[in-house]
Amino acid sequence: MKPLDPRLLRLSRTARGFIVAAAGAGVLRTVATIAIAWGIAAAVTLGVDAVRVGSVPSALGQTLALLGGAFVLRAVAAWATDDLAARAAAKVKSEMRTTVLARAAERGPSWLAGRSSAGFATTLGPGLDALDAYFGRYLPQFALTATATPVLLVAIGLGDLTSGLIILLALPVIPVFMILIGLATQALQRKQSDALARLGGAFLEAVEGLATLKVFGRARRQVGRIGTVTDEYRRGTLGVLRLSFVSGFALELAASLSVALVAVAIGIRLVDGSLGLGAAMFVLVLAPEAFAPIRQVGADFHAAQDGVEASAAVLDVLADDATDPRTGSSTPAEIDIDDDRASTAAAAARALVVRRLTVRRPDVVIGPFDLHAEPGTVVVLAGPSGSGKSSIIAALRGMLPHDGQVVVPGPAGATRAERTTWADQRPRLVRGTVAENVALSATPDDTDVRSALRDAGLGLDPGLPVGAGGSGLSGGQAQRVAVARALYRARRVATPLVLLDEPTSALDADAEARVIEAVRALAADGAVVVVASHRPAVVAAGDVRVDIGADGSATVRTWVRA
């Protein structure tokens, strides 16, 4: 296990800046520590002299003032380190989550299908939360060790060369213990991370299949299954804690014996008069400080392991050589976490142009076909279920590998996502109000929300609460909320391309007629609307029809509406 993943530093400016700032704060703490040791040694020496001569030396006041200033400087440096650590952890977590979600959206459903959704969510959620300990405790201590230990060794050597050599020879004992403990911890921590992912997956599977399990009377059996996985995770956590405590004891013992060795040597030389009191006090105060940073790094190593594992998993996702769904070429292995989005050189286009579009699925090859749709056109993708209508929608969105060329209408410089409004055949509603689900925002525009709901044929109160997955709404209501979401975005952003995947599959004839009317209104406003549907009323409302056969063949037919 690497103490610091270099990919994290390459990909995040925040992490790089924090390491530099933590090293600077470590230098300040080290200087303050040396000043404290010198001040204590000087104060004790002046105090002994004062007792011997019977008067207080004038330098004692200045020494105490310097000592107080050193304590204040050390406290400020420690506070600055903690504050920087908290800010850096929050910023890096936000950057990593945003970038991974953007990369997942860029790679599309086919990439996500090959991963465990529960494991993915666990890594981005509680997994990355463990970076608080990584940035809050481990990295600051790591930076302090790299800066403070050499400086303290030099300071001790200048005060007493013999003590400096003893500490120099004793210091490697602690890293040896750390390496041995790290090797034992690595496998245990990785096993614990996998157990957390299994626990999340077991719970998600039970929740998703709860209705089916209840129908067949198997719901209560899941209690024992989840309990078994939970107990496995509990035992693993106790094992990690046990190893952490034992390793901490070993590191403390090694450091204590090393400091005791220095103290014994100093005591012997004080007795025979070969070492002065001031130098002895200076070295005795600094000796524990020389071992403290590296000892604390070993102790904090365990607290940071969850964060190291989670960040490594996320960085592996970002560095994964996946196929770019839009071009079929491999994506870069590294990206900059701080980029809000990838730049685009897309040119302006007025119409939707498709040339020799071919979508290759494991079971069938769809296409090729050509299409030219001017603004105001409704294109209907017709065909039986499973023929590939949704795959073509995904290809038009740039989320599925394809051959051929797709030119999406819209202004130059805009990404394909900015030019497109899309409604999936699954509503994908989240916990919140109806208005928040329509606008996908915590601050929706009430007037536009009501207009979109009305045009989707849904008379729901925009403030009506909706549970996760659309609980509280019927299937038809949830689907119309998804249609209203598309209408809301298409009108507010004025996207020139609107893609609707089976928007009326769960609706009755009256509700379907309202949705068709809204689709025609979008086209009348200048958008190109592509609708995937097998419903006769929707097919009849189109200007261009692309018939997709069960064998993947695609036939384009155009007619003039009456």
Side-chain angles (χ1 to χ4, degrees), residues 352 373-381 389-390 393-394 396-397 408-410 414 416-430 432-464 466 470 473-533 535 537-544:
L352 172 65
E374 292 289 337
T377 303
V378 175
V379 179
V380 177
L381 305 177
K389 301 187 295 297
S390 297
I393 291 284
L396 295 178
R397 292 175 54 226
V408 175
R416 189 179 296 196
E418 292 169 338
R419 303 177 183 210
T420 306
T421 290
W422 168 63
D424 193 14
Q425 58 182 317
R426 293 178 294 276
R428 304 182 189 276
L429 304 185
V430 298
T433 64
V434 169
E436 290 170 348
N437 273 277
V438 170
L440 287 180
S441 169
T443 57
D445 184 285
D446 187 68
T447 302
D448 289 347
V449 168
R450 291 182 182 276
S451 175
L453 290 173
R454 181 177 61 253
D455 291 343
L458 194 59
L460 290 178
D461 178 10
L464 180 69
V466 178
L473 300 179
S474 67
Q477 288 175 325
Q479 190 169 41
R480 278 179 283 181
V481 169
V483 173
R485 177 190 293 165
L487 297 176
Y488 181 91
R489 170 177 163 79
R491 290 168 178 171
R492 288 182 63 87
V493 184
T495 53
L497 178 63
V498 180
L499 305 174
L500 304 176
D501 193 356
E502 297 286 0
T504 65
S505 59
L507 305 185
D508 57 29
D510 292 337
E512 184 177 51
R514 295 293 299 272
V515 171
I516 292 173
E517 184 180 346
V519 167
R520 294 300 318 177
L522 285 177
D525 291 337
V528 176
V529 184
V530 179
V531 185
S533 180
R535 301 281 289 258
V538 177
V539 174
D543 303 306
V544 177

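None of these values were measured; they are calculated from a predicted model.
Salt bridge present: Asp446 and Arg450 bring a charged side-chain N and a carboxylate O closer than 4.0 Å. Under 4.0 Å is where a charged nitrogen must lie from a carboxylate oxygen, and between Asp448 and Arg492 at least one such pair does.
In this structure, Thr377 contributes its side chain and Ala373 its backbone to no donor-acceptor pair below 3.5 Å. Not a single donor-acceptor pair under 3.5 Å links the side chain of Arg454 to the backbone N or O of Val449. Side chain of Arg480 to main chain of Leu458: no donor-acceptor pair is present (N/O by atom type, distance under 3.5 Å, no hydrogens or angles). Arg535 contributes a side-chain N or O that, together with a main-chain N or O of Thr504, makes up a donor-acceptor pair within less than 3.5 Å. One N or O on the side chain of Asn437 and one on the backbone of Val430 form a donor-acceptor pair closer than 3.5 Å. In this structure a side-chain-to-backbone donor-acceptor pair under 3.5 Å is present from Arg416 to Leu396. Counting only distance, with no hydrogens or angles, the side chain of Gln479 and the backbone of Glu502 share a donor-acceptor pair below 3.5 Å. With hydrogens and angles disregarded, no donor-acceptor distance shorter than 3.5 Å links the side chain of Asp455 to the backbone of Ala518. Between the side chain of Arg485 and the backbone N or O of Pro427 there is at least one donor-acceptor pair closer than 3.5 Å. A donor-acceptor pair under 3.5 Å is formed between the side chain of Arg520 and the backbone N or O of Ala541.
Using modelled atom types and a 3.5 Å distance limit, the side chains of Ser505 and Gln425 yield no donor-acceptor pair.
Within a 6.0 Å sphere centred on CD of Glu374, other residues, nucleotides and ligands contribute more than 12 heavy atoms.
If you take CZ on Arg426 and OG on Ser390, they are separated by 7.5 Å, rounding to the nearest 0.5 Å. Rounded to the nearest 0.5 Å, atoms CG (Leu522) and CG (Leu487) are 5.5 Å apart. The CG atom of Asp501 sits 5.5 Å away from the CG atom of Asp424 when rounded to the nearest 0.5 Å.
Annotation: side chain of Pro444 is not in contact with side chain of Val438 (no heavy-atom distance under 4.5 Å). A 4.5 Å side-chain heavy-atom check between Leu473 and Leu429 finds at least one atom pair inside the cut-off. Residues Val530 and Leu352 meet the side-chain proximity criterion, which asks for heavy atoms closer than 4.5 Å. Residues Glu512 and Pro503 fail the side-chain proximity criterion, which asks for heavy atoms closer than 4.5 Å. Thr495 has its side chain out of reach of Arg419: every pair of non-hydrogen atoms, C-beta onward, lies at least 4.5 Å apart. You'll find the side chain of Val544 stays beyond 4.5 Å of the side chain of Val380, heavy atoms only. Counting heavy atoms from C-beta outward, Leu497 and Trp422 have side chains that stay 4.5 Å or more apart. Looking only at side-chain heavy atoms (C-beta outward), Ile516 and Val538 come within less than 4.5 Å of each other.
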